[in-house]
Amino acid sequence: MAAKTIRVTMFKIPSKENQQKLLGLYKTLSQTAKKDGSPYILSLDAGPAHEDVRSQGYTLVAKSEFKSLEDMKFYDEGCEAHQVLKAGAKDLGVEGIMTVYFNPEVSAGGS
């Protein structure tokens, strides 16, 4: 079995109101994302980034965990709930997006 895949997406959205709107879209996604009729996202955390020079202007972060790379690819290409989120984000003044994903080789702490 392949290792879980973790995806981190960061957004540059200057408006705090629009950041909250995107968080609302993530909340909806967390309740509606399904693959073959069942929830498939292992975990989802999203929230505003702390203001810090190291944030390089990114204002909101979302971290998703998937059972496999295949599930993450479904999220990108076939998940209707994710398509709704992406469509809604287009009107929120997003000035930049960065997404990275990886299979952990080192883990510590809680599950």
Side-chain angles (χ1 to χ4, degrees):
M1 181 168 124
K4 70 180 174 181
T5 299
I6 298 175
R7 173 186 174 120
V8 178
T9 301
M10 299 182 297
F11 299 86
K12 291 182 180 181
I13 304 175
S15 163
K16 292 199 183 300
E17 179 182 342
N18 285 345
Q19 291 172 29
Q20 289 302 310
K21 288 179 182 177
L22 184 56
L23 287 173
L25 291 169
Y26 269 105
K27 183 175 183 178
T28 298
L29 176 128
S30 73
Q31 298 165 349
T32 59
K34 303 241 188 299
K35 180 179 177 186
D36 300 326
S38 298
Y40 71 100
I41 299 173
L42 298 178
S43 71
L44 171 65
D45 296 296
H50 288 282
E51 291 185 28
D52 186 293
V53 67
R54 295 171 290 184
S55 299
Q56 298 184 30
Y58 289 97
T59 58
L60 194 134
V61 181
K63 182 188 90 155
S64 308
E65 292 187 32
F66 301 91
K67 179 177 67 176
S68 64
L69 182 59
E70 177 184 295
D71 279 356
M72 195 213 66
K73 287 183 178 181
F74 172 80
Y75 178 73
D76 269 339
E77 300 164 5
C79 178
E80 290 180 27
H82 188 219
Q83 298 307 314
V84 169
L85 181 141
K86 290 194 292 188
K90 288 182 181 181
D91 297 326
L92 298 180
V94 176
E95 296 180 354
I97 300 175
M98 177 185 289
T99 299
V100 295
Y101 55 94
F102 64 100
N103 300 101
E105 293 187 13
V106 177
S107 295
S111 54

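What you see below is based on every heavy atom in this structure, not just the backbone, and it leaves out hydrogens, waters and symmetry mates.
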What distance separates Asp76 CG from Phe74 CZ, expressed to the nearest 0.5 Å?
-> 11.0 Å
Leu60 vs Thr9, side chain to side chain contact (heavy atoms under 4.5 Å, CB included): CA-CA, chis, key distance, verdict = CA-CA 8 Å; Leu60 194 134; Thr9 301; over 6 Å; no
Nearest 0.5 Å please: distance from the OG atom of Ser68 over to the CG atom of Asn103.
-> 9.5 Å
Tyr101, OH atom: more than 12 neighbouring heavy atoms under 6.0 Å | no
If you count the non-hydrogen atoms of other residues, nucleotides and ligands that lie under 6.0 Å from CD in Gln31, is the total more than 12?
-> yes
Side-chain (Asp45) to main-chain (Lys63) donor-acceptor, under 3.5 angstrom = no
State the CD1-NZ distance between Ile97 and Lys12, to the nearest 0.5 angstrom.
-> 11.5 Å
Same hydrophobic cluster for Leu44 and Tyr58, using side-chain heavy-atom links shorter than 4.5 Å among ILVMFWY?
-> no
With a 4.5 Å heavy-atom cut-off, do Val8 and Val61 have their side chains touching?
-> yes
Heavy-atom side-chain contact between Lys34 and Pro39 under 4.5 Å | yes
In one Ile/Leu/Val/Met/Phe/Trp/Tyr side-chain cluster, 4.5 Å: Tyr40, Leu85 = yes
Do Thr5 and Phe102 touch side chain to side chain, with heavy atoms closer than 4.5 Å?
-> no
Using 30° and 60° as the class limits, which term best fits the ring planes of Tyr75 and Phe66: parallel, tilted or perpendicular?
-> tilted
Just wondering, do Lys4 and Ile6 contact through their side chains at under 4.5 Å, heavy atoms?
-> yes
Lys35 vs Glu70, salt bridge (charged side-chain N to carboxylate O under 4.0 Å, His left out): CA-CA, chis, key distance, verdict = CA-CA 11 Å; Lys35 180 179 177 186; Glu70 177 184 295; 3.5 Å; yes
Given Arg7 and Asp71, is the salt bridge (charged side-chain N to carboxylate O under 4.0 Å, His left out) satisfied, shown in steps?
-> CA-CA 11 Å; Arg7 173 186 174 120; Asp71 279 356; over 6 Å; no
Heavy atoms, side chains only, cut-off 4.5 Å: are Glu95 and Pro14 in contact?
-> yes
Do the side chains of Leu23 and Pro48 get nearer than 4.5 Å, heavy atoms only?
-> yes
Is there a side-chain contact between Lys21 and Glu17, using heavy atoms and a 4.5 Å cut-off?
-> yes
Transitively linked via ILVMFWY side-chain contacts under 4.5 Å: Phe11 with Val84?
-> no
Could you tell me whether the side chain of His82 reaches within less than 4.5 Å of the side chain of Leu29, counting heavy atoms only?
-> yes
Shortest non-hydrogen contact from Ser55 toward Ala49 | OG-CB, 4.5 Å
Nearest atoms (heavy-atom pairs only) where Ile41 meets Ala33 | CD1-CB, 3.8 Å
In Å, rounded to the nearest 0.5 Å, how long is the span from SG of Cys79 to CD of Glu77?
-> 11.5 Å
Provide the closest heavy-atom pair for Val94 versus Ala89 in the form atom of the first, atom of the second, distance.
-> CG2-O, 3.5 Å
Are more than 12 heavy atoms from other residues, nucleotides or ligands located less than 6.0 Å from atom NZ of Lys86?
-> yes
